[in-house]
Amino acid sequence: MGNRNFRYKGSMIALVDCNNFYASCERLFRPSLINKPVCVLSNNDGCVIARSQEVKDLGVKMGAPAFKCKEIFDKNDVAIFSTNFPLYGDISSRVMGVLSQFTNELDVYSIDEAFLHLKMYDADYHQYGLSIRERVNRWVGIPTCVGVAETKTLAKLANHVAKKFPQLKGVHVIDTIEKRDKALKWAKVDEIWGIGRKSAEKMRYYGILTAYDFVQKSDSFVRRHFSVVGLRTKKELMGIPCFTLANQPTGKKSIMTSRTFAKYVTDIDGLNEALASYVSSCAYKLRKQSSCAQTIMVFVHTNKHRKDKPQYYNSQSMNLPVASNCSTEILGYAKELLKNIFYEGYEYNKVGVMVSNIIPQEQVQGNLFDKIDRGKHGRLMQVMDNINEYGGRGSIRLASQSYSKGLSKRESLSPEYTTKWSDILEIR
DNA sequence: TCTGGGGTCCTAGGACCC
DNA sequence: TCTGGGGTCCTAGGACCC
């Protein structure tokens, strides 16, 4: 058979994925940390959410509770950072900006990865991948890996291969049947994009250990045991595209904001303060995508890890009389919901709000009995957003929002080097 | 003492209708 | 007493992703 090429080699998908993204972002402004172990922790410095290669090599697992890793961190002089999403978001958009120079069809999949549709009939995809890496690295300073193949799922797999085999120089192209089979035989089922813990377990039960084993199964078997989701994944692994590229970003269908507290809250006033910030954040994100929500949901819960204490979880949702993106209006309803589900006697460690049934702003149907001056509210929100965008988040807030960020613990926060005037680096 | 946050899609099952 | 066979819509929860 030789190295028979795929029929549609002229149209391929590249997946560019940033290596250890948050850790790499933190390193950007701290060159002394290059080749040193760097670790980023979740909200409240609770658990590990990003690790540089050196930290992975130390055996620190993703999601590991930080307090359990303290010894390893101390012993190996690991640089620890609290999450700094404004920084990561800004670096991400710079990376995406560079990537958009390589294609007309950029599908930004997450904060640290994007699919690129490549249509090049005689091009050397491996060389092209190398030049993508090189430019992102030079212009933004973030290391990446590139996987190229016929479908998204295969591109993901190619990327995985590129990450695991350093001799590939960060780029792997699957463009022949042989390379595809080789990758499929190498990949364990739990490494396939779309196959999670549950499905992988089930597959092992049926003796399916590798991606190659999986594609050998009949469509009907896969459909029956792993639903249409599994079947799509199988087809994608065989080079039949089932996931199309999303050319323009679509608005979110639901938006949620919630935080775990660093200390327990027992009274409703404390929860209300937190709720006010979360509602503001949700409403702001709605306004940013020019949409309104028709449904809101509020939930509270106690610390589920403390089995020795009384546990409580509850949520309540409601449909708004008129779809809204106004912070003050949504907060009014959210407080009512919270009042309904709040009970004294529990130590709460989390409250959250989710808005859903989101529609474009211009499609909002008025209500005959609406007493709210929506034009005025809209202008007020606009003014608030302008002040916060210029002066930094939190420059102006609702009266009921807490003044300090006292409910969260972020002891190792890096500056917002690129998004806050006061945090810009000074070169002397 | 200390265990994240934010999304999407699919399915099963119930309510309801003819 | 027996107790069909569709269809639709909605919701909760599961699985998965980063």
Side-chain angles (χ1 to χ4, degrees), chain A residues 15 17-22 39-50 60-71 73 80-85 88-89 92 108-115 152-153 156 159-160 189-203 223-233 242-243 246 249-264 274 278 281-282 285 289 294-295 297 299 301-309 313 315-317 319 347 349-358 407-412:
Chain A
L15 174 70
D17 190 318
C18 300
N19 301 346
N20 318 320
F21 184 58
Y22 300 162
C39 200
V40 179
L41 304 183
S42 66
N43 176 49
N44 288 326
D45 301 339
C47 63
V48 172
I49 59 166
V60 174
K61 295 273 179 270
M62 182 74 171
F67 69 90
K68 286 188 181 171
C69 306
K70 199 172 179 312
E71 208 173 306
F73 290 163
I80 302 294
F81 292 93
S82 306
T83 42
N84 185 346
F85 276 101
Y88 312 147
S92 171
V108 177
Y109 176 68
S110 74
I111 193 163
D112 72 336
E113 59 191 295
F115 293 99
K152 283 186 167 180
T153 308
K156 271 283 210 184
N159 191 289
H160 189 49
V189 286
D190 55 8
E191 296 170 300
I192 306 169
W193 187 47
I195 307 294
R197 200 171 46 83
K198 288 278 180 185
S199 299
E201 209 171 289
K202 207 162 149 188
M203 285 184 187
R223 173 71 181 81
R224 189 162 67 246
H225 294 289
F226 302 99
S227 88
V228 294
V229 182
L231 186 55
R232 277 202 289 257
T233 298
C242 296
F243 305 125
T250 48
K252 299 241 184 305
K253 295 177 177 174
S254 66
I255 294 169
M256 182 160 91
T257 306
S258 69
R259 293 285 180 282
T260 302
F261 309 142
K263 23 185 176 178
Y264 295 118
Y278 307 158
S281 156
C282 280
K285 290 174 191 166
Q289 62 170 53
Q294 303 180 99
T295 304
M297 188 267 273
F299 67 90
H301 62 73
T302 51
N303 186 347
K304 61 174 187 279
H305 300 288
R306 293 299 303 269
K307 305 263 190 269
D308 55 320
K309 295 195 172 183
Y313 170 89
S315 68
Q316 196 169 80
S317 61
N319 292 321
E347 294 180 330
N349 82 331
K350 191 170 196 171
V351 62
V353 59
M354 179 160 99
V355 298
S356 56
N357 276 324
I358 293 172
L407 289 174
S408 273
K409 186 175 105 183
R410 297 167 89 197
E411 286 176 347
S412 319

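Note that the coordinates shown come from a computational prediction; the quantities given were computed from them, not determined experimentally. Naming: A, B, ... by sequence-line order, numbering from 1 per chain.
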message = Let me check I have this right: for DNA chain B, each base becomes ., (, ), [, ] or |, based on Watson-Crick or G-U pairs with both distances under 3.5 Å. What is the full string?
response = ....||||||||||||||

ask   = How close or far is atom P of dA15(C) from atom CD1 of Ile195(A), stated in whole angstroms?
value = 13 Å

Whole angstrom value for the distance that separates C1' of dT11(C) from CE of Met297(A) = 12 Å

Nearest-Å distance for atom pair CD/P, residues Glu191(A) and dC16(C) = 15 Å

key: pair Phe226(A)-Ile195(A): side-chain heavy atoms closer than 4.5 Å   = no

query = Is there a donor-acceptor pair closer than 3.5 Å between any side-chain N or O of Asp112(A) and the backbone N or O of Phe21(A)?
reply = no

Rounded distance in Å between the C1' positions of dG4(B) and dC17(C) = 15 Å

query = Is the centre of the Phe73(A) ring less than 6.0 Å from the centre of the Phe67(A) ring?
reply = no

Interatomic distance, Leu41(A) atom CG to Thr83(A) atom OG1 [nearest 0.5 angstrom] = 8.0 Å

ask   = Rounded to the Å, how far apart are Lys152(A) NZ and dC18(C) P?
value = 12 Å

query = Taking OH from Tyr313(A) and P from dA12(C), how many angstroms apart are they, rounded to a whole number?
reply = 10 Å

task = Please work out if Thr83(A) contacts a base, only the sugar-phosphate, or nothing of the nucleic acid, heavy-atom cut-off 4.0 Å.
result = nothing

message = Are Thr257(A) and Lys285(A) packed together at the side-chain level, in the sense that at least one heavy-atom pair is separated by less than 4.5 angstrom?
response = yes

inquiry  = What's Tyr264(A) touching, base or sugar-phosphate or nothing? Going by heavy atoms closer than 4.0 Å.
reply    = sugar-phosphate

message = Nearest whole Å is fine: how far is dC17(C) C1' from Lys156(A) NZ?
response = 8 Å

key: Per-nucleotide protein contact string for nucleotides 3-10 of chain B (B base, S sugar-phosphate only, - none; heavy atom under 4.0 Å)   = BBSSSSSS

query = Minimum heavy-atom separation for Asp45(A) to Glu411(A), with atom names?
reply = OD2-N, 2.8 Å

task = Give me the ring orientation class for Tyr88(A) and Phe85(A): parallel if the planes are under 30° apart, tilted from 30 to 60°, perpendicular past 60°.
result = perpendicular

Asp190(A) CG to dC18(C) P, straight-line distance once rounded to whole Å = 13 Å

key: Pair Asn349(A), Thr260(A): side-chain N/O donor-acceptor within cut-off below 3.5 Å   = no

key: Residue of the set Arg306(A), Lys309(A), Lys263(A) for which side-chain hydrogen bond (donor to acceptor under 3.5 Å, both in side chains) holds with Glu347(A)   = Lys309(A)

task = May I have the distance from Glu201(A) (atom CD) to dG14(C) (atom P), rounded to whole angstrom?
result = 15 Å

